[in-house]
Amino acid sequence: MSTEELKLVEEDLARLRGTAAGLRRRIGDRDEEPTDAAERSALIEAAEEQEALIDQLEARREQLLRRLAQDHGS
């Protein structure tokens, strides 16, 4: 357990948030609109997968923060 692991989780979160936001923008952007329903569905599914990973990483970050606080409080 270290602050290094927390830093890696934070970096992953930032990357995934950027990817998910980019996918959501692409879905809503009329200039680059997906050509058909299947492509739109695939983009939505990819964005939802990224958001699920974000949720998991946020939970992991909270665990790490609690453990670091306990380690420093002991």
Side-chain angles (χ1 to χ4, degrees):
M1 178 81 49
S2 71
T3 55
E4 183 64 28
E5 187 176 358
L6 181 60
K7 181 181 174 187
L8 292 173
V9 169
E10 292 285 351
E11 289 170 358
D12 286 345
L13 275 169
R15 182 181 48 80
L16 287 170
R17 285 181 178 132
T19 300
L23 288 167
R24 291 289 182 192
R25 271 192 306 276
R26 221 176 127 204
I27 292 166
D29 187 358
R30 295 294 177 208
D31 293 335
E32 288 188 39
E33 186 172 337
T35 57
D36 60 20
E39 184 179 355
R40 179 180 291 275
S41 178
L43 285 173
I44 291 169
E45 184 176 332
E48 289 173 350
E49 288 172 1
Q50 295 293 303
E51 291 161 352
L53 288 172
I54 289 167
D55 290 343
Q56 291 173 4
L57 282 174
E58 286 175 339
R60 178 69 179 143
R61 180 184 61 193
E62 291 304 314
Q63 289 175 334
L64 289 170
L65 288 170
R66 280 193 299 275
R67 286 184 186 167
L68 285 170
Q70 288 174 351
D71 290 348
H72 289 291
S74 299

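The hydrophobic clustering, which links ILVMFWY residues whose side-chain heavy atoms are closer than 4.5 Å, places Leu8 and Ile54 apart.
Contact detail for Leu57 and Val9: the closest heavy-atom pair is O-CG1, 3.6 Å.
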Next item on the list: Take Lys7 and Glu10, measure what side-chain contact (heavy atoms from CB on, under 4.5 Å) needs, and give me the verdict at the end.
Entry: CA-CA 5 Å; Lys7 181 181 174 187; Glu10 292 285 351; 5.6 Å; no
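The CG atom of Leu65 sits 10.5 Å away from atom CZ of Arg60, with the distance rounded to the nearest 0.5 Å. The distance from atom CG of Asp12 to atom CZ of Arg61, rounded to the nearest 0.5 Å, is 12.0 Å. The CZ atom of Arg26 lies 5.5 Å from the CD atom of Glu39; values are rounded to the nearest 0.5 Å. With rounding to the nearest 0.5 Å, the separation of CG in Leu6 from CD in Glu4 is 9.5 Å.
Within the structure, salt bridge (charged side-chain N to carboxylate O under 4.0 Å, His left out) contacts touching residues 44-53 (residues at least two apart or in different chains) are Arg24-Glu51.
The backbone N or O of Ile27 sits less than 3.5 Å from a side-chain atom of Arg40, completing a donor-acceptor pair.
Annotation: side chain to side chain contact (heavy atoms under 4.5 Å, CB included) contacts of Gln56 (sequence neighbours excluded): Leu53.
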